[in-house]
Number of protein chains: 2
Amino acid sequence: MFTIGTLSKSTGVNIETIRYYERVGILPKPPRAASGRRMYDEDTVRRLAFIRHARDLGFGLTDVRALLALQDNPEVPCAEASHIAGDQLAAVEARIGRLEALRAELMRMVGACANGRAADCRVIGALAHPAETGAAGQSAQSELSIISKGS
Amino acid sequence: MFTIGTLSKSTGVNIETIRYYERVGILPKPPRAASGRRMYDEDTVRRLAFIRHARDLGFGLTDVRALLALQDNPEVPCAEASHIAGDQLAAVEARIGRLEALRAELMRMVGACANGRAADCRVIGALAHPAETGAAGQSAQSELSIISKGS
DNA sequence: GGTTGATCCTGTAGTCGCTACAGGATGTAG
DNA sequence: CTACATCCTGTAGCGACTACAGGATCAACC
């Protein structure tokens, strides 16, 4: 049994974030020492590592909750986990597509700039008069919202 | 001169977002009709289109402010605009790299799932025992934070 | 002139996933 | 015994919106 600082160091998750996870119910409330300090065990290290890895993969906390529930109920068919991961894969591929379009447009903008005055700046001109080519200008917005919404 | 609803429709920017932009000072306060309604002109359409396009390209509002200031002061050398766009390009390329690593890991996870029970699920297993291969697990976190921070 | 329904106004609070305090209590080492 | 590290709770802030509530105004039709 060890304290939150140790848990934080051994998982790389911020102390404040651990308490936040407890508050929103993604980590169970741990037992407390007589002084009120949270005391954790190895199981929590594993659970937190699972959460962190899922978060690193871009899963939102809602998805993480679902995946944890599956992990806790091993008799449930895993099609659901596979479905969640498939959705996430599709979202990641969509993001990559959007970002590649953005990259193309940014490269065009940066490449065209001749370091003159702002009046002639191709970067600013490109922003003021977007190119009609490709999908970049059309729904990169949703690319960004996809990201913040998780899967 | 037209109202906020018309501006919203002609730029595709939400009404609430337009008022938000005004509140945070990225759009100037427009003149009001006797009834108190905001009245816009074509210049605002252009300015808002500029903002929207820059946002679509992933620029944060701080960057957008800087780009607008450059546009408003045409005598300033555009090296700064070019620099902002270059930073953004680098950030986009970093995101793409991260996301490609995530994609590889997700494909591996989804591909390995045999639709058995959760106890044997490769997706859950992969999350519980992350692969050591590649950079996916190491700093995709920062990939996500880069996104939310803009450039 | 009256009534409906669309549009507008202000102000506040919610979203997501943290992160950063403030102000205090405890634990550990010298 | 004194530092200093670590912990606690609770609240507020971040970015970039979005979603109300509760009211005023406008345009069109009868």
Side-chain angles (χ1 to χ4, degrees), chain A residues 1-27 29-40 48 51-65 68 91 140-151, chain B residues 1-27 29-40 48 51-66 68 88 91 140-151:
Chain A
M1 299 286 261
F2 35 82
T3 62
I4 198 168
T6 311
L7 179 63
S8 172
K9 267 164 204 150
S10 67
T11 58
V13 177
N14 200 313
I15 289 179
E16 319 265 26
T17 305
I18 294 170
R19 288 197 284 248
Y20 167 76
Y21 284 163
E22 179 185 330
R23 204 162 66 243
V24 301
I26 220 162
L27 275 182
K29 298 196 175 185
R32 302 290 186 116
S35 61
R37 300 192 169 189
R38 292 168 177 84
M39 299 306 292
Y40 296 99
L48 192 50
I51 294 167
R52 177 168 149 71
H53 189 221
R55 292 285 304 119
D56 283 351
L57 283 169
F59 292 97
L61 288 186
T62 303
D63 287 340
V64 173
R65 245 183 272 265
L68 283 168
Q141 181 77 33
S142 58
E143 143 68 13
L144 294 173
S145 62
I146 284 168
I147 288 165
S148 61
K149 279 175 190 152
S151 103
Chain B
M1 298 288 259
F2 34 83
T3 62
I4 198 169
T6 311
L7 179 63
S8 172
K9 267 164 202 149
S10 67
T11 57
V13 177
N14 200 314
I15 288 179
E16 317 265 25
T17 305
I18 293 170
R19 287 197 284 246
Y20 167 75
Y21 283 162
E22 179 184 330
R23 204 163 64 243
V24 299
I26 218 160
L27 275 182
K29 298 195 175 186
R32 302 290 185 118
S35 62
R37 299 192 168 190
R38 292 167 178 85
M39 299 307 292
Y40 296 99
L48 191 51
I51 294 167
R52 177 169 150 71
H53 189 221
R55 292 286 303 119
D56 284 352
L57 284 169
F59 293 96
L61 288 187
T62 303
D63 287 338
V64 173
R65 245 182 271 264
L68 283 167
Q88 185 61 21
Q141 180 77 32
S142 58
E143 143 66 15
L144 294 173
S145 63
I146 284 168
I147 288 166
S148 61
K149 280 173 192 155
S151 102

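Side-chain atoms are counted along with the backbone in the values below, which use heavy atoms only and exclude waters and symmetry mates. Chain identifiers are assigned alphabetically (A, B, ...) following the order of the sequence lines, protein sequences preceding nucleic acid strands; residue numbering begins at 1 within each chain.
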Asks: Could you pick out which residue, A:Ser35 or A:Tyr21, lies toward the 5' side of DNA chain C when each is mapped onto its nearest nucleotide?
Replies: A:Tyr21

Asks: Base, sugar-phosphate alone, or nothing: which one does B:Arg38 contact when heavy atoms must sit under 4.0 Å apart?
Replies: sugar-phosphate

Asks: With a 4.0 Å cutoff (strictly under), does any side-chain N or O of A:Thr3 reach OP1 or OP2 of D:dC7?
Replies: yes

Asks: Which comes earlier along DNA chain D counting from the 5' end, the contact point of B:Thr62 or that of B:Glu16, where each point is its nearest nucleotide?
Replies: B:Thr62

Asks: Roughly, in whole Å, what's the span from CD1 in B:Ile15 to C1' in D:dT18?
Replies: 13 Å

Asks: B:Ile18 has an atom CD1; how far is it from atom P of D:dA16, in whole Å?
Replies: 17 Å

Asks: Is there side-chain contact between A:Leu61 and A:Arg55, with heavy atoms separated by less than 4.5 Å?
Replies: yes

Asks: If you only use heavy atoms from C-beta on, which nucleotide in C:dC18, C:dT7, D:dC8 is closest to the side chain of A:Arg23?
Replies: C:dC18

Asks: Rounded to the nearest angstrom, tell me the gap between atom OH in A:Tyr40 and atom C1' in D:dT6.
Replies: 14 Å

Asks: With a cut-off of less than 4.0 Å, is there a side-chain N or O of A:Arg55 near OP1 or OP2 of C:dC18?
Replies: yes

Asks: Rounded to the Å, how far apart are A:Arg32 CZ and D:dT6 P?
Replies: 19 Å

Asks: Salt bridge check, B:Arg19 against B:Glu16: does any charged N sit closer than 4.0 Å to a carboxylate O?
Replies: yes

Asks: Look up atom CG in A:Leu27 and atom OG1 in A:Thr17, then write down how far apart they are to the nearest 0.5 Å.
Replies: 10.5 Å

Asks: If you compare every side-chain N and O of A:Arg65 against the phosphate oxygens of C:dG17 (OP1, OP2), does one of them come in below 4.0 Å?
Replies: no

Asks: Supply the atom-to-atom distance A:Ser10 OG to A:Tyr40 OH, rounded to the nearest 0.5 angstrom.
Replies: 11.0 Å

Asks: Could you work out which one of C:dG27, C:dC8, C:dT19 sits closest to the side chain of B:Ile4?
Replies: C:dC8

Asks: Could you check which of D:dT25, C:dT19, D:dC17 has an atom nearest any side-chain atom of A:Thr17?
Replies: C:dT19

Asks: So if I take every side-chain heavy atom of A:Arg19 and compare against C:dC18, D:dT9, C:dA25, which nucleotide ends up nearest?
Replies: D:dT9

